[in-house]
Number of protein chains: 2
Amino acid sequence: MTQPRSRPAKLSGGERLLFLTDDQLRQGVELMFFAYRDMVADADRVLAERGYGRAHHRCLHFIWRRPGLSVAELLDILSVTKQSLNRVLRQLVRDGLVESRVGQADRRQRLLRLTPRGEDLVRDLANAQNARMRRVFLEAGPEAVHGFKTVLAGMIDEGRRAAVLDLVEDRFPEGGKR
Amino acid sequence: MTQPRSRPAKLSGGERLLFLTDDQLRQGVELMFFAYRDMVADADRVLAERGYGRAHHRCLHFIWRRPGLSVAELLDILSVTKQSLNRVLRQLVRDGLVESRVGQADRRQRLLRLTPRGEDLVRDLANAQNARMRRVFLEAGPEAVHGFKTVLAGMIDEGRRAAVLDLVEDRFPEGGKR
DNA sequence: CATTTTAAGTCAGGCTTGTTGACATTCCAA
DNA sequence: TTGGAATGTCAACAAGCCTGACTTAAAATG
């Protein structure tokens, strides 16, 4: 930091590791900040119309992805405290977007699923957010998208990475759970 | 740069547009969520030791990047309200991490720069965050990193993209401003 | 010069989303 | 049967964002 950014020409043939300078890393971090901010803004607009926030979005999204999951499983995905999740979940149940059933096998559990109205909102949110992604993916091309995903996957904490990728890529190693 | 770089094969076959399915878009969004969350956690740990939050980090970071910028310019980069920024900025000035000087050309302005102690904290924060980026970039390789950046850049709101990329890539088109 | 506009800062109050702590319920295993 | 673990709820608080309504100072404008 505070070093002169030397910039010796472009990536020339045998030039390796030039993409690992502090400057390159900083650019990666800054791009994550700006891109993430603008990405979530799309969904925020839809949420604001209905008086919800990002916490509600995340909650709805992962219930949609794994219908019938327990509160504990959702807690694990979101990495928040159960008290924090519960406030949000209570609103969604009260408003009829999420249904909470007592588990049959273990009656301590509450198993969550979307109601039809919940599915409607999730669809609206996905449409808002996917529009940006679709345009960008199309412009950038499959090569770039592949690199994008590779880097993002690598940024996930090592200990959780496998489980998160199972979720994202729709593999369900513990799938018989409900 | 935004051109699809014509490297055939290498990906999952010769199929076209398969990377634009709703499922692929969803994966992109989810990966952004998980990767961003884990990335900022690195800096959060350093911040928590000193009693600061992410708002302080962003503030310090962009003052470091553009020493001598005005409050209005910082406001524009961060896209928050001045009340919100001011609370944070006041703490940083009080704690001696940021210096606020009256502008010479326009004495209404307050021009911001880091003190040596501010630079120390920025360095610590950058080290914490860069460690993850460096490992990931190294593992993923320059091709993937290029794709990563291309996609992120495309996700920035079109109206602001050019200005943001000037900032990120260290070009200063409006650089004579102070 | 008088007026208007701009830059910055402040006070008051509200919302979302995160936190801890205390507690009730349910299940299971010693 | 009893104690511990898992699950969920209630209450209180903090961070960090927001809006709205000002004030002060300086610059720009007519």
Side-chain angles (χ1 to χ4, degrees), chain A residues 33 36-37 40-41 43-63 68-95 98-112 177-178, chain B residues 33 36-37 40-41 43-45 47-61 63 68-95 98-112 177-178:
Chain A
F33 167 65
Y36 188 81
R37 186 180 65 181
V40 296
D44 282 350
R45 280 182 282 273
V46 175
L47 292 162
E49 291 170 10
R50 323 232 187 170
Y52 293 124
R54 290 177 195 176
H56 302 87
H57 184 183
R58 293 196 283 270
C59 204
L60 289 167
H61 178 89
F62 289 108
I63 293 173
L69 89 176
S70 69
V71 172
E73 287 170 322
L74 185 52
L75 238 27
D76 185 56
I77 292 171
L78 297 177
S79 293
V80 294
T81 59
K82 63 184 169 176
Q83 295 89 331
S84 191
L85 174 61
N86 214 263
R87 183 181 338 99
V88 169
L89 211 42
R90 196 163 27 193
Q91 293 174 284
L92 294 173
V93 170
R94 158 175 58 73
D95 297 350
V98 167
E99 195 185 43
S100 167
R101 295 182 196 165
V102 172
Q104 310 122 306
D106 184 338
R107 301 198 344 194
R108 290 171 300 182
Q109 294 183 328
R110 299 292 180 278
L111 305 186
L112 307 169
K177 247 194 192 155
R178 109 188 32 62
Chain B
F33 166 64
Y36 188 81
R37 186 180 64 182
V40 296
D44 282 349
R45 280 182 282 273
L47 291 162
E49 289 170 10
R50 322 232 187 170
Y52 293 124
R54 292 178 194 177
H56 303 88
H57 185 182
R58 293 194 284 271
C59 206
L60 288 167
H61 178 89
I63 294 173
L69 52 33
S70 68
V71 173
E73 287 169 324
L74 185 53
L75 241 24
D76 184 56
I77 291 170
L78 297 176
S79 294
V80 294
T81 59
K82 66 178 170 181
Q83 294 91 327
S84 195
L85 174 60
N86 216 265
R87 177 176 3 90
V88 169
L89 210 43
R90 197 161 33 195
Q91 293 174 282
L92 294 173
V93 170
R94 157 175 58 75
D95 297 350
V98 167
E99 193 185 43
S100 167
R101 294 182 195 165
V102 171
Q104 314 114 299
D106 184 338
R107 303 199 342 192
R108 291 171 303 182
Q109 293 183 330
R110 297 295 179 280
L111 305 186
L112 307 169
K177 246 191 193 161
R178 63 205 80 6

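In what follows, every chain begins at residue 1, and chains take the letters A, B, ... in the order their sequences are listed.
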| field | Side chain of A:Ala55 (C-beta onward), nearest among C:dT17, D:dG8, C:dA8 | value | C:dT17

| If you look at every heavy atom in A:Ser100 and A:Leu112, which pair is closest and at what distance? | CB-CD2, 4.0 Å

| query | In whole angstrom, what separates A:Leu74's CG from D:dA6's C1'? | reply | 16 Å

| message | A side-chain contact here means heavy atoms from C-beta on lying under 4.5 Å apart; do A:Arg87 and A:Arg90 qualify? | response | yes

| note | Nearest heavy-atom contact between A:Leu69 and A:Phe62 is CD1-O, 4.3 Å

| request: Kindly assign one of parallel, tilted or perpendicular to the pair B:His56 and B:Tyr52, based on the angle between their ring planes and the thresholds 30° and 60°. | output: tilted

| query | How many Å lie between NE2 on A:His56 and P on C:dG18, as a whole number? | reply | 10 Å

| note | All heavy atoms of B:Leu47 vs all of B:Gly53, minimum pair found to be CD1-O, 3.5 Å

| task | For the pair A:Tyr36 and B:Tyr36, name the ring-plane relationship: parallel under 30°, tilted 30 to 60°, perpendicular over 60°. | result | parallel

| task | Tell me what B:Ser70 touches on the nucleic acid: a base, only sugar-phosphate, or nothing, going by heavy atoms under 4.0 Å. | result | sugar-phosphate

| message | How close do B:Leu89 and B:Cys59 get, counting heavy atoms only, and between which atoms? | response | CD1-SG, 3.6 Å

| message | What is the separation between atom CG on A:Leu60 and atom P on C:dT17, rounded to the nearest whole Å? | response | 11 Å

| task | Return the value, rounded to whole Å, for the distance between atom CG of B:Leu69 and atom P of C:dA8. | result | 10 Å

Output a table of nitrogen or oxygen pairs between the protein and nucleotides 27-30 of chain D separated by less than 3.5 Å.
residue: D:dA27; atom: OP1; partner: B:Arg107; partner atom: N; Å: 3.1

| query | Would you say A:Arg94 and A:Gln91 make side-chain contact, with heavy atoms under 4.5 Å? | reply | yes

| What's the closest nucleotide to the A:Gln109 side chain, out of D:dG8, D:dG16, C:dT19? | D:dG8

| request: Round to a whole Å and report the spacing from NE2 of A:His57 to C1' of C:dT16. | output: 16 Å

| task | Verify, without hydrogens or angle tests, whether A:Arg37 (side chain) and B:Leu78 (backbone) share a donor-acceptor contact under 3.5 angstrom. | result | yes

| message | Contact between B:Ile63 and B:Leu92 at the side-chain level, heavy atoms closer than 4.5 Å - yes or no? | response | no

| For the pair made of CZ in B:Arg54 and P in C:dT16, what is the distance, rounded to whole Å? | 19 Å

| request: Using heavy atoms and a sub-4.0 Å distance, could you list which residues of residues 44-51 of chain A are near DNA chain D? By number, please. | output: none

| message | Please tell me if A:Thr81 has a side-chain N or O lying less than 4.0 Å from either OP1 or OP2 of C:dG18. | response | no

| field | Interface residues of residues 82-94 of chain A with DNA chain D (non-hydrogen, below 4.0 angstrom) | value | A:Lys82, A:Gln83, A:Asn86, A:Arg90

| message | I need the CZ-C1' distance between B:Arg110 and C:dT6, as an integer number of Å. | response | 13 Å

| query | Can you tell me if B:Arg110 uses its side chain to pair, donor with acceptor, with the backbone of B:Arg108 under 3.5 Å? | reply | yes

